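Right, one structure below, let's go through it.
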There are 2 protein chains.
Amino acid sequence: MRLVIAKCQVDYAGRLTAHLPLATRLIMVKADGSVLVHSDGGSYKPLNWMSPPCTLVVAEPDEEAAEAGVTAVWTVQNSKSDDRLVVSIHEVLHDADHDLGVDPGLVKDGVEAHLQKLLAEQVETFGVGWRLVRREYPTPIGPVDLLCRDDAGVAVAVEVKRRGEIDGVEQLTRYVELLNRDPHLSPVRGVFAAQEIKPQARTLATDRGITCVTVDYDALRGVDDPSTRLF
Amino acid sequence: MRLVIAKCQVDYAGRLTAHLPLATRLIMVKADGSVLVHSDGGSYKPLNWMSPPCTLVVAEPDEEAAEAGVTAVWTVQNSKSDDRLVVSIHEVLHDADHDLGVDPGLVKDGVEAHLQKLLAEQVETFGVGWRLVRREYPTPIGPVDLLCRDDAGVAVAVEVKRRGEIDGVEQLTRYVELLNRDPHLSPVRGVFAAQEIKPQARTLATDRGITCVTVDYDALRGVDDPSTRLF
DNA sequence: GGATCCATCTCGACC
DNA sequence: GGTCGAGGTGGATCC
């Protein structure tokens with residue numbers, strides 16, 4: 001990884017065009033050739049960047065640019081598209097290269113997929129006598145997270161979210177409506193399961209006859225088989 | 001901006017938990033206290049990070065950690081939530097501070113707002129004889145991107161997206177339904193215009209009688225008056 | 001300050 | 001390789 005602190009101007013042309021006026025910034029060149037231009041603030045997103053696969057070519061500035069104070073022009077060209085990042089370097093304040101090696105990568109826990117998996121293994125969370133028909137039950141407009149049968153044998157479409165918001169209720173509504181057209185399943189009701197359900201989402205769900213269930217992730221994980229845990 | 005290259009292990013706890021095993025990485029500490037941990041690959045997203053507002057506290061490792069090779073523990077605590085990033089430093093390979101100053105910021109062109117503007121100026125893109133009633137036509141549930149009249153004088157609500165997905169169809173459906181309650185406008189039909197329309201969105205739109213139109217941004221821009229361009 | 005919506009979204013999973 | 005949905009989404013804008 002090459003780290004350059006430089007006074008520079010940056011121009012991007014690709015899916016949009018974007019321009020950064022002259023200022024001092026960090027230019028990070030990764031081992032795969034990708035380039036990130038960071039300022040000393042904002043969030044984790046760079047001001048401008050080029051994603052791999054891409055190649056960096058350093059060139060002399062033309063006469064006009066040289067007169068404007070440009071000492072080098074870095075052109076980062078994406079290999080698969082017309083996307084191009086041009087960094088006009090005025091002054092280099094720091095330039096260092098470091099060998100970082102390959103990163104072993106991130107281990108995550110607590111995301112929706114895991115929540116869905118835990119609920120699939122423990123459908124009795126929704127009620128005694130419930131059983132799972134299948135996870136990711138396919139429909140023409142996408143898969144339903146869980147399709148179950150309650151203790152009375154009635155089909156239930158379950159939408160699992162980490163945070164239950166109005167979008168999720170809309171999604172579940174579409175699934176239930178569609179599944180109800182299938183005579184082998186109908187009548188199908190809906191359950192909206194999330195760690196946290198926003199009041200507006202709860203209101204809309206209730207209004208549509210959808211049952212809301214808030215689930216306790218730690219409790220689900222507590223009774224989970226440790227061998228299936230991520231860590 | 002402080003740039004540290006270090007052999008480290010990183011743990012995040014907050015909306016999820018995430019763990020990075022021991023490896024050499026770049027740790028970027030920005031002026032606002034935010035911290036980014038980058039590997040030498042991937043895209044612009046750090047492996048792990050803490051967004052501002054947050055504070056960084058450096059502490060000695062406890063005995064157990066010290067025996068494992070930890071020389072310092074950086075705790076980055078978010079000021080508004082329980083989110084916490086813990087960087088266990090084993091070895092510092094580089095450590096430098098640079099004063100970057102405040103960045104003048106990014107100038108963009110070519111986003112959805114611009115697409116909407118171009119279409120408003122060229123409603124004949126949708127058909128001969130079409131005319132624009134107004135952009136951002138107000139409704140109680142938000143403004144419709146474009147309200148037009150087609151060659152037969154029938155009102156058309158146009159939703160403009162860069163990428164047309166299912167959410168946009170839902171949004172347009174709500175607008176059309178609402179506008180159709182207005183006897184001065186009814187009947188109102190819908191047009192879903194985007195540079196790219198996802199198959200599922202197209203299916204849903206068609207099912208609801210909404211016309212899909214894919215628009216060519218470059219072509220629109222090509223016939224655009226240069227004087228109205230941003231740059 | 002909160003809600004809503006776009007994004008050069010990125011990223012992973014699945015087909 | 002395409003498509004689709006989630007995200008510690010982030011960030012801007014509107015109210």
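What you see is a predicted model, and the numbers here were worked out from it, not measured in a lab.
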Checklist line | Interatomic distance where CD belongs to Q200(B) and P belongs to dC4(D) [whole Å] | finding: 5 Å

Next item on the list: Sugar-phosphate means primed atoms, P, OP1 and OP2; the rest is base. With that split, encode nucleotides 8-15 of chain C 5' to 3' as B, S or - using protein heavy atoms under 4.0 Å.
Entry: BSSS----

Notebook entry, point to check: Can you check whether K30(B) reaches L36(B) side chain to side chain, under 4.5 Å on heavy atoms?
Noted result: yes

Notebook entry, point to check: Whole Å only: how far is the CD atom of Q116(B) from the C1' atom of dC5(C)?
Noted result: 13 Å

Next item on the list: Determine whether the side chains of R162(B) and Q195(B) contain a donor N or O and an acceptor N or O closer than 3.5 Å.
Entry: no

Next item on the list: May I ask you to decide whether R163(B) forms a salt bridge with E165(B), counting only side-chain N to carboxylate O separations under 4.0 Å?
Entry: no

Notebook entry, point to check: To the nearest Å, how far apart are D11(B) CG and dG8(D) P?
Noted result: 16 Å

Note to self: If I take atom CD in residue E170(A) and atom P in nucleotide dA6(D), what distance separates them, rounded to the nearest angstrom?
What the structure shows: 14 Å

Notebook entry, point to check: Contact class for E165(B) vs. all strands (heavy atom < 4.0 Å): base, sugar-phosphate, or nothing?
Noted result: nothing

Notebook entry, point to check: Looking only at side chains, do H114(B) and K108(B) share a donor and an acceptor under 3.5 Å apart?
Noted result: no

Notebook entry, point to check: Salt bridge between E121(B) and K117(B), side-chain N to carboxylate O under 4.0 Å?
Noted result: yes

Note to self: Going by side chain to side chain contact (heavy atoms under 4.5 Å, CB included), L85(B) matches just one of T75(B), N78(B), N48(B), L56(B). Which one?
What the structure shows: N48(B)

Notebook entry, point to check: Within this structure, what is the OH-to-P distance between Y175(B) and dT4(C), rounded to whole angstrom?
Noted result: 12 Å

Notebook entry, point to check: For K80(A) and D145(A), take the nucleotide of DNA chain D holding the closest heavy atom to each; which residue's nucleotide lies nearer the 5' end?
Noted result: K80(A)

